Amino acid sequence: MKKGFGCWRNRFRIFGEIYEKIEGRKRQQMLELEKMRMDFQRELELQKKQILERAQAEIAKIREGDDEDGNSVENLSG
């Protein structure tokens, strides 16, 4: 009977080791996915900032052009 319990004990030990390996890999994959998510979020924020800066620069150019057009009209009428 002791031999049967030893066999089961060994099987449970092996099962535990395999389970720990699987869980460790799962944790590692979750960490990698979280890092990828954070990198993606950082890149997205950077692109958003660049788009806003370009839009603001374009708006400033348009306003400068409007000011120049307004000055030209004033010079013609003055």
Side-chain angles (χ1 to χ4, degrees):
M1 214 46 182
K2 281 188 174 183
K3 192 173 186 180
F5 284 120
C7 184
W8 278 104
R9 194 176 319 142
N10 191 37
R11 288 180 183 169
F12 280 125
R13 182 184 57 76
I14 292 171
F15 175 79
E17 291 171 2
I18 292 170
Y19 182 80
E20 285 179 22
K21 285 180 185 178
I22 290 170
E23 287 299 309
R25 288 181 187 148
K26 212 160 55 169
R27 278 191 296 274
Q28 186 64 35
Q29 287 177 341
M30 292 302 290
L31 289 172
E32 290 172 11
L33 283 172
E34 181 62 17
K35 183 183 179 299
M36 289 171 62
R37 186 195 67 78
M38 289 171 46
D39 290 345
F40 178 75
Q41 185 68 30
R42 190 177 309 116
E43 182 65 29
L44 204 57
E45 289 298 321
L46 179 62
Q47 288 181 7
K48 179 180 170 183
K49 180 181 173 186
Q50 291 171 344
I51 290 169
L52 287 173
E53 288 172 352
R54 278 190 238 129
Q56 289 173 343
E58 288 296 320
I59 291 170
K61 283 182 186 178
I62 291 169
R63 286 184 178 160
E64 287 175 12
D66 287 349
D67 289 346
E68 290 174 6
D69 290 345
N71 290 337
S72 297
V73 172
E74 288 175 13
N75 289 338
L76 290 174
S77 63

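We number each residue from 1, following the sequence as shown. Because the structure is a prediction, the values reported are computed rather than measured.
- Rounded to the nearest 0.5 Å, atoms CD1 (I18) and CZ (R13) are 10.0 Å apart.
- Note that CD of E32 and CD of Q29 are 7.0 Å apart. Values are rounded to the nearest 0.5 Å.
- Using the six-membered ring where Trp is involved, F15 and Y19 have ring planes that are parallel, under 30° apart on the 30 and 60° scheme.
- Results of the side-chain contact (heavy atoms from CB on, under 4.5 Å) test with D39 over K35, R37, M36 single out K35 as the only residue that passes.
- For the atom pair CD (E17) and CD1 (I22), the distance works out to 12.0 Å, reported to the nearest 0.5 Å.
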Show which side-chain atoms of residues 43-65 pair as donor or acceptor with protein atoms under 3.5 Å away, not counting sequence neighbours.
from	atom 1	to	atom 2	distance (Å)
E43	OE2	Q47	NE2	3.3
E45	OE2	Q41	NE2	3.4

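- Residues passing the salt bridge (charged side-chain N to carboxylate O under 4.0 Å, His left out) test with E20: none are found, sequence neighbours excluded.
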